[in-house]
Amino acid sequence: MRKNKPLKLTDFLSVGEENAITAKQLAKYSGWNDRDVTITVNALRKQGTLICSNTQNAFWLPCDDRNIEQYVRQMQGRIKDM
């Protein structure tokens, strides 16, 4: 009998900002707390996983290069403001 593979955080993410899921929802689905979700997203990004987010603390997978470029510009703007 084959064991079920444990779900990863990215298993809960969908493609496109219109399908974004909040950290609170991710925490609920994964059984983690909001902070652990954020730490995991940041760790996945450092490993090279492309995960977009917005100011409402919602996450999604990019649907195309334009989506990635838009996210990068948004992050560069936030960094510049800091």
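When a residue number appears, it is its place in the shown sequence, counting from 1.
If you chain together hydrophobic residues whose side chains sit under 4.5 Å apart, Ile51 and Ile68 never meet in one group. Criterion: ILVMFWY side-chain heavy atoms under 4.5 Å apart, direct or through other members. Under it, Tyr29 and Leu61 are part of a common hydrophobic cluster. Both Val15 and Leu44 are assigned to one and the same hydrophobic cluster, defined by single-linkage of ILVMFWY side chains at heavy-atom distances under 4.5 Å.
Contact detail for Ser30 and Val37: the closest heavy-atom pair is OG-CG2, 4.3 Å. Nearest heavy-atom pair, Lys24 versus Asp34, reported as atom, atom and distance to 0.1 Å: NZ-OD2, 3.5 Å.
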**Request:** Evaluate the side chain to side chain contact (heavy atoms under 4.5 Å, CB included) criterion for residues Tyr71 and Leu50: first the C-alpha distance (whole Å), next the side-chain angles of each, then the deciding distance (0.1 Å), finally the verdict.
**Result:** CA-CA 10 Å; Tyr71 174 69; Leu50 295 172; over 6 Å; no

**Asked** Yes or no on side chain to side chain contact (heavy atoms under 4.5 Å, CB included) for Asn19 and Trp60, after CA distance, side-chain angles and deciding distance?
**Response** CA-CA 7 Å; Asn19 299 310; Trp60 68 93; 5.8 Å; no

**Request:** Assess whether side chain to side chain contact (heavy atoms under 4.5 Å, CB included) is satisfied between Val41 and Ser53, documenting all intermediate values.
**Result:** CA-CA 10 Å; Val41 166; Ser53 61; over 6 Å; no

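A distance of 6.5 Å separates CD of Gln70 from CZ of Arg66, quoted to the nearest 0.5 Å. For the atom pair Ile79 CD1 and Met75 CE, the distance stands at 7.5 Å (nearest 0.5 Å). The CG atom of Asp36 sits 12.0 Å away from atom CG of Leu26, with the distance rounded to the nearest 0.5 Å. We find the NZ-OG1 distance between Lys8 and Thr40 to be 13.0 Å, quoted to the nearest 0.5 Å. To the nearest 0.5 Å, atom CD1 of residue Ile39 and atom CG of residue Asn42 are 8.0 Å apart.
Remark: side-chain polar atoms of Asn67 are not paired, donor with acceptor, to backbone N or O of Asp64 under 3.5 angstrom.
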